[in-house]
Each structure stands twice: as C-alpha cells, then as structure tokens.
Protein chains: 2
Amino acid sequence: MVDVARAAGVSLATVSAAINGSAPVSAELKARVQAAVAEVGYQVNAVARSLKKGSTGTIGLMITDITNPFFTNVIHSIQDAAHRRGYSVMLCCSDEDPAKERLHLQLLIDRMVDGLIIATAGHTDELHALWRSGRIPIVLIDRLIDGIDADAVIIDNAAATRDAIRHLLGLGHRRIGIITGRREISTSRERYEGYCQAMVEAGLPVDDALIAPAVRFSSQDGYGAAMKLLALPDRPTAIFASNNLSAIGLMRAIKDMGLTCPDDVSVACFDDFDWANVFHPRLTTVAQPTQAIGVQATTMLLERLKDTAGPPRVIRLKAELRVRDSSIVRTL
Amino acid sequence: MVDVARAAGVSLATVSAAINGSAPVSAELKARVQAAVAEVGYQVNAVARSLKKGSTGTIGLMITDITNPFFTNVIHSIQDAAHRRGYSVMLCCSDEDPAKERLHLQLLIDRMVDGLIIATAGHTDELHALWRSGRIPIVLIDRLIDGIDADAVIIDNAAATRDAIRHLLGLGHRRIGIITGRREISTSRERYEGYCQAMVEAGLPVDDALIAPAVRFSSQDGYGAAMKLLALPDRPTAIFASNNLSAIGLMRAIKDMGLTCPDDVSVACFDDFDWANVFHPRLTTVAQPTQAIGVQATTMLLERLKDTAGPPRVIRLKAELRVRDSSIVRTL
DNA sequence: CTGGCTGGTCTAATCGTTTCGTCATCGCGA
DNA sequence: TCGCGATGACGAAACGATTAGACCAGCCAG
C-alpha cells in the first residue's frame with residue numbers, strides 16, 4: 001500500500017480512502033490510485049485490516065462430523081450464505097469429542113472470529129465461559145445445551161420422530177424398536193421422547209427391551225444396537241434409527257442376520273441423503289431442512305453482529321417425513 | 001499483553017519471550033508472567049501475531065464439492081493432519097465453478113494463508129498467476145491441470161479404471177458402457193483412457209455409442225447419461241460410472257427403466273462410500289485412499305513451507321477395486 | 001585487573017492497515 | 001473584501017504482537 005501511495009504520489013490515507021470509499025476522494029486521485037494499484041499489483045492484507053478494525057469478517061463453524069451428509073449440507077448452506085454477505089467461514093470438526101472441541105474453540109477465538117455457529121459435542125466449561133463473557137455472538141445449531149441460553153436453530157425432533165413412529169404404527173406395527181443416540185445430546189433425547197409420545201398415544205407400553213442405545217455416533221455402535229434388537233426372542237417388526245449413521249449399522253445388521261427389509265422388518269430413520277432414494281430398499285426417512293438451517297443460522301448470527309441487544313431467539317424448524325419402500329404394512 | 005506485562009511488573013518483550021520461549025527467561029519471571037496471564041485472562045491475538053510474523057499458520061483448502069463423500073473424507077484427513085502440526089485449515093468450496101474458485105482464491109490470498117491445497121474446478125488465470133508468482137506453495141489434489149507444474153497428490157486413475165473394466169470383462173461382459181465426467185478435468189480424462197485401454201487390450205472396439213458424457217458433476221447429468229445408455233437398442237450389459245454422483249444417477253435410471261441391477265445390468269463405479277456396502281445391490285466400487293491423499297498432501301505442503309527448493313513432486317497413489325454384488329457374471 | 005562472553009531484561013521499531021484530527025483550498029454569500 | 005462551511009488531502013497515532021539491538025551484571029580466562 002505504501003508502494004501504491006508512492007506510485008500514485010498521494011498519501012497512505014488517500015489510498016485507503018480511495019480503495020474503501022471510506023472518505024471522499026476526488027475523481028482524479030481515485031483514478032491515479034486505481035492505476036497505481038494495477039501497476040503495483042497491490043492486494044489488500046486482510047490480516048492487517050483485521051487487526052486495525054478489530055474484526056476479521058470470518059465466522060467460526062464448529063460441527064461434530066464432517067463425513068455426515070446432514071452436516072455437509074448444512075455447512076454448504078452456511079458457507080454459501082456467509083460468502084454471499086462477504087464473510088468467510090472457518091470450519092472445525094470436533095469428531096464428537098468435547099476435548100477436541102475445546103481445542104478448536106480456542107483456536108477460533110485466538111483467530112478473532114466475529115461469531116460462532118456450533119453444533120456442540122457436549123458440555124465444556126470453555127464454551128460456557130465464552131458464552132457468558134458475551135465476547136462474540138454464538139448460534140447453536142442442531143443441538144441445544146444446558147446452561148447456554150443462546151440463539152439457536154434446531155428442528156422439532158420430538159414432533160418429527162412422533163410422525164415417523166405414527167407412520168409405522170399406522171402400518172400396523174406394534175413392536176417398534178428404536179436405536180437412540182448419545183444421551184448427553186439434546187437431539188437424541190428429544191427424538192427418544194417423540195418415540196415415547198407416539199407409543200403412549202397409541203396405548204402401547206414403552207418396552208425397555210425395544211430401546212437400544214448407540215452410545216457414540218457411529219455405524220459400528222448402530223450395528224451393535226441393531227443386532228441386540230434383532231436377536232430378541234420376539235423381535236420388533238419395525239425399527240427406527242435416530243440418525244443416519246445408526247441407519248447404516250441397522251441395515252448391515254439386518255443383512256447379516258439373514259433378514260430382509262422391509263419383508264422381515266420395516267425401517268425408518270432420521271436424516272435423508274441422496275443415496276437413500278436410490279438403492280433397494282429405498283429408505284423411509286425424516287428429512288431435515290438443511291438448507292434452511294444453514295441460512296437461518298447465518299442470518300441470525302450476522303444480525304447479532306450488527307445488534308447484540310435482545311433476548312436469545314430459538315428457531316425450531318420442521319422436518320419432513322419421506323415415506324418410501326423400507327416401511328410397509330405389517331403382514332400377518 | 002500489555003496488561004499482563006503490567007500485572008507481572010515486566011516488559012512486553014519478557015512476556016512475549018516467556019510465552020513463546022523465544023528467548024531465555026528466568027524461572028522466577030516466567031512464573032510471574034504465567035500467574036499474570038491466568039489472572040488477566042490473557043489470550044494471544046493470532047491476528048496481530050500473524051501480521052508481525054508474516055505467516056498465519058493457516059492453509060487454504062479448496063475443493064469443488066463438499067457434499068461429495070470422497071472430498072469430505074479427504075478434508076477430514078487434511079484437517080486432522082494439519083491440526084496435528086499446529087496448522088488451521090480454511091476451507092473453500094468452488095461448487096465446480098471456476099469463477100467461484102477465483103473469488104475464493106482471492107479471499108485466501110488476502111487472508112495470507114501460508115499454503116494452498118486445491119482440487120481445481122478448471123483453468124483460471126488467477127491460479128496460474130499465483131503459481132507462477134511462487135508466493136505460496138501449492139499442492140494439487142485429485143486433479144492435475146495444464147500449465148501448473150506444482151506438487152500434486154493424485155491417484156492412478158487410468159490403472160484403477162482399467163482394473164475395474166478388466167473385472168467386468170472377466171465376468172464375460174463385452175458391451176460395457178461408461179459415464180464419463182467433465183472433459184476439462186484430468187481425472188475424468190484419465191478414467192476414460194483407462195476404459196479405452198482395457199477395451200482395446202481385450203480386442204474390443206471403443207464404441208462411441210457406449211460413451212455417455214455427464215458434462216457436469218451431478219446426479220442429474222449422470223441420470224441423463226445413464227438413460228441414454230439404457231435406451232440403446234442393444235444396451236450395455238455393464239456400465240461403469242466415473243464418479244459417485246453419476247453412480248447415483250445411474251442407479252436411479254436403472255430403477256426408472258424397470259430394470260434391475262445386477263440381473264439386467266452390472267454396475268461398477270468410482271469412489272467408495274459407507275452406504276455402498278449396505279443396501280442392495282452392494283456396489284462394486286473403486287475405493288480411493290482418501291486418508292492417504294490428505295496426509296500426503298498436507299505433509300508435502302508443510303515440507304514446502306520449510307523448504308521451497310527442489311522440483312515439484314507428483315505422488316500417484318493406487319486405488320483399490322472392491323468387488324461386491326452389483327457386478328456379476330453375464331448370463332446368456 | 002581487564003576484556004569478552006553469556007544470560008536476562010528492556011526499549012523501541014516494525015508488520016500493513018484504518019482513522020482521527022488538522023489543514024489548505026475553494027466557492028460563495030454577506 | 002472577508003469570513004465561513006465544504007471538500008479533499010494528509011500526517012501520525014493506533015491495533016497487538018514480535019524481535020533486533022542496547023544494556024547490564026556476573027563470570028571466567030588470560
């Protein structure tokens with residue numbers, strides 16, 4: 001920039017004003033500066049600018065699993081929305097590990113991100129402290145967390161799961177199993193509650209034997225949980241998987257048990273994805289509005305950046321049940 | 001930091017030295033500084049540090065499609081490797097659009113990333129200029145590009161495709177179709193070449209009617225290309241999809257045509273993914289070593305950061321054919 | 001005793017911007 | 001002609017770290 005100033009024969013202040021339009025500059029000098037910029041091949045140094053301005057134009061995005069299609073769709077949508085408004089995104093992935101999340105959180109803070117969108121892996125004092133300090137706006141996505149009363153964009157997990165279970169009940173299923181997720185995660189708990197609500201509503205007992213927890217989010221754990229259900233003396237005629245990873249495990253388990261879906265056991269699961277609609281059986285899924293989640297979260301965050309005031313807002317979006325071939329009327 | 005200095009009763013230089021270990025500091029002062037850091041709640045300002053040091057400890061990662069499992073696996077591996085070495089990753093997604101890539105490239109440069117790992121969406125003068133300028137190290141992944149003779153980590157696409165086609169030939173297939181990708185992408189061209197090599201090697205003609213281009217990377221285009229092949233008077237008995245997106249389109253097309261895989265048409269495709277092994281038919285795929293790609297690319301880049309000298313190195317990794325149920329012996 | 005080295009500390013310059021306050025110039029109305 | 005508000009340009013002080021270089025005390029070898 002000093003080179004540009006020299007080449008154009010003007011002061012640094014004028015160059016800055018000409019480039020950013022932050023102060024009036026005569027047409028002539030503006031032209032001279034532009035010519036000089038081109039001549040010297042000047043490019044702004046965003047780091048210096050950030051230091052001076054106290055903001056980086058970057059938002060931190062923390063998610064728990066980058067190989068999960070649900071998250072990649074959300075990421076895509078957030079990046080799109082952010083870039084459109086001139087913000088960059090710094091993505092970190094905690095791998096469902098609170099310790100890793102803590103580490104990456106520190107990194108994002110050090111780097112002075114202007115705001116944070118986070119699907120948290122679980123409670124950490126650091127996130128708590130960060131939120132309490134109010135230093136930067138935070139928007140929670142996918143999961144709420146106790147003690148952090150921040151802006152959030154989530155979906156109505158209980159209602160969505162209830163819909164799915166009702167659908168299975170409507171097909172005549174009575175013994176319906178569920179593979180639940182990590183208990184610490186609000187999302188998992190809500191989905192479990194939705195399941196219970198639907199069962200109770202139908203006058204059915206909530207049988208502990210039909211609840212199979214997959215303690216971590218992984219297809220292995222989903223497989224284990226599914227095997228447990230399928231090995232039951234009177235095995236469920238339908239199984240609901242609380243997320244797409246456990247759905248993989250479930251489908252593999254069904255195959256390994258020598259059963260077929262949907263003839264032997266109907267299946268529905270959370271999270272839609274491209275492949276769900278392609279293979280046999282085409283999966284009945286609960287599709288989350290990933291696009292909307294990303295857009296809303298980004299919009300919310302950027303609004304907070306402008307105006308910190310006001311109580312936290314929680315947006316609850318609705319998910320949509322997509323009935324396909326993996327769930328059928330219970331025969332016999 | 002000035003607060004820390006005050007609290008500890010030492011100079012700024014000493015605080016910096018104590019924190020970074022960049023100069024010897026007596027045990028006593030070190031302790032005082034540490035206490036002061038804790039007391040004040042000091043956190044480094046990475047932006048200021050970057051400005052002074054001239055490096056940000058961040059590498060730019062540009063990919064073309066974040067919803068593609070191949071890329072998410074690579075991203076995951078790169079982030080892991082980078083974080084392990086104290087680097088952050090700034091991820092940008094071009095959506096296969098060179099114009100977007102150009103934009104994001106500028107962004108990464110402005111932000112002073114120390115290096116760049118890129119799966120390019122196609123030729124842009126900017127990337128070319130950046131590479132020629134030699135200002136920051138660049139590692140190409142997945143795709144080479146004319147005119148940029150940089151470090152690269154790719155796989156042996158021709159060999160991998162040849163293996164897959166040989167496998168189909170070995171099953172007795174003679175009319176084998178292929179859905180090819182964007183011609184501008186080296187990866188697509190190499191896979192096509194591998195197909196040709198295998199056909200010629202088997203003494204078969206390369207029939208233009210069996211080559212169905214999907215001009216963009218999308219399942220829609222894959223679907224269109226597949227429909228064209230399946231509508232042929234003497235349709236192919238096996239089809240190879242050049243990437244996982246076109247594989248989705250292909251599977252959907254088969255279903256929509258009222259055909260079944262593998263009975264009516266055998267299928268193999270590039271890129272393995274979790275779901276490929278779960279549904280019916282379990283897909284025969286060419287699995288890329290995504291983990292290794294990420295690690296190698298990161299290692300290569302960080303080595304270059306230390307030492308710019310030496311000619312560009314191109315690492316070519318091997319992909320592995322995973323034979324499953326979607327490809328079977330041709331009956332009749 | 002002296003000169004040089006080393007370990008420990010400090011002061012001040014620097015990185016590349018933005019921006020505040022100052023100042024000259026000009027046009028215009030009184 | 002004079003005074004005044006705009007307008008346009010500039011100088012210099014930040015932003016928050018790193019680090020070169022100055023300085024000093026203590027120690028050891030010559």
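Because the structure is a prediction, the values reported are computed rather than measured. Labels below follow one simple rule: chain letters A, B, ... track the order of the sequence lines, proteins then strands, and each chain is numbered from 1.
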In this structure, CG of B:Leu127 is separated from CZ of B:Arg102 (nearest 0.5 Å) by 11.5 Å
Worksheet item: Is B:Leu116 close to B:Leu130 at the side-chain level, that is, under 4.5 Å between some pair of heavy atoms?
Response: yes
On a heavy-atom basis, the closest approach of B:Arg182 and B:Glu96 is NH1-OE1, 2.7 Å
Exercise. Would you mind reporting whether B:Gln79 and A:His104 have side-chain heavy atoms less than 4.5 Å apart?
Key: no
CG (B:Asp65) and CG (B:Leu245) are apart, to the nearest 0.5 Å, by 6.0 Å
Per the under-4.0 Å heavy-atom filter, residues of residues 23-38 of chain B near DNA chain C come out as B:Pro24, B:Val25, B:Ser26, B:Leu29
Smallest heavy-atom separation, A:Ile155 atom then A:Arg316 atom, equals O-NH1, 3.4 Å
| request: Just call it for A:Val47: base, sugar-phosphate, or nothing, with non-hydrogen atoms closer than 4.0 Å on any strand. | output: nothing
Quiz item: With a 4.5 Å limit on heavy-atom distance, are the side chains of A:Glu101 and A:Glu126 in contact?
Solution: no
In short, B:Leu317 meets B:Gln296 closest at the heavy-atom pair CD2-NE2, 4.2 Å
Residues 106-124 of chain B vs salt bridge (Lys or Arg N to Asp or Glu O under 4.0 Å), sequence neighbours excluded, gives none
Outer limits of DNA chain D sitting under 4.0 Å from a non-hydrogen atom of chain A, read 5' to 3', are D:dG8 to D:dG16
Looking only at heavy atoms, the pair that brings A:Leu29 and A:Thr14 closest together is CD1-CG2, 4.0 Å
Whether each nucleotide of nucleotides 13-24 of chain C has a protein heavy atom under 4.0 Å at its base (B), only at its sugar-phosphate (S) or at neither (-) is summarised, 5' to 3', as -BBBBBB-----
d(A:Lys52 NZ, A:Asn45 CG) to nearest 0.5 Å is 14.5 Å
So CD1 of B:Ile117 and CD1 of B:Ile75: to nearest 0.5 Å the spacing works out to 11.0 Å
For A:Asp142 and A:Ala119, the nearest pair of non-hydrogen atoms, with its separation, is CB-CB, 4.4 Å
- Message: In the structure I gave you, are the side-chain heavy atoms of A:Asp3 and A:Tyr42 within less than 4.5 Å of one another anywhere?
- Response: no
One should read off an interatomic distance between A:Thr308 OG1 and A:Lys306 NZ, to the nearest 0.5 angstrom, of 11.5 Å
Students should find that the end-to-end axis angle of the helix from C:dC1-D:dG30 to C:dA30-D:dT1, with five pairs defining each axis and rounding to 10 degrees, is 60°
Residues in residues 104-116 of chain A with a heavy atom under 4.0 Å of DNA chain D, by number, are none
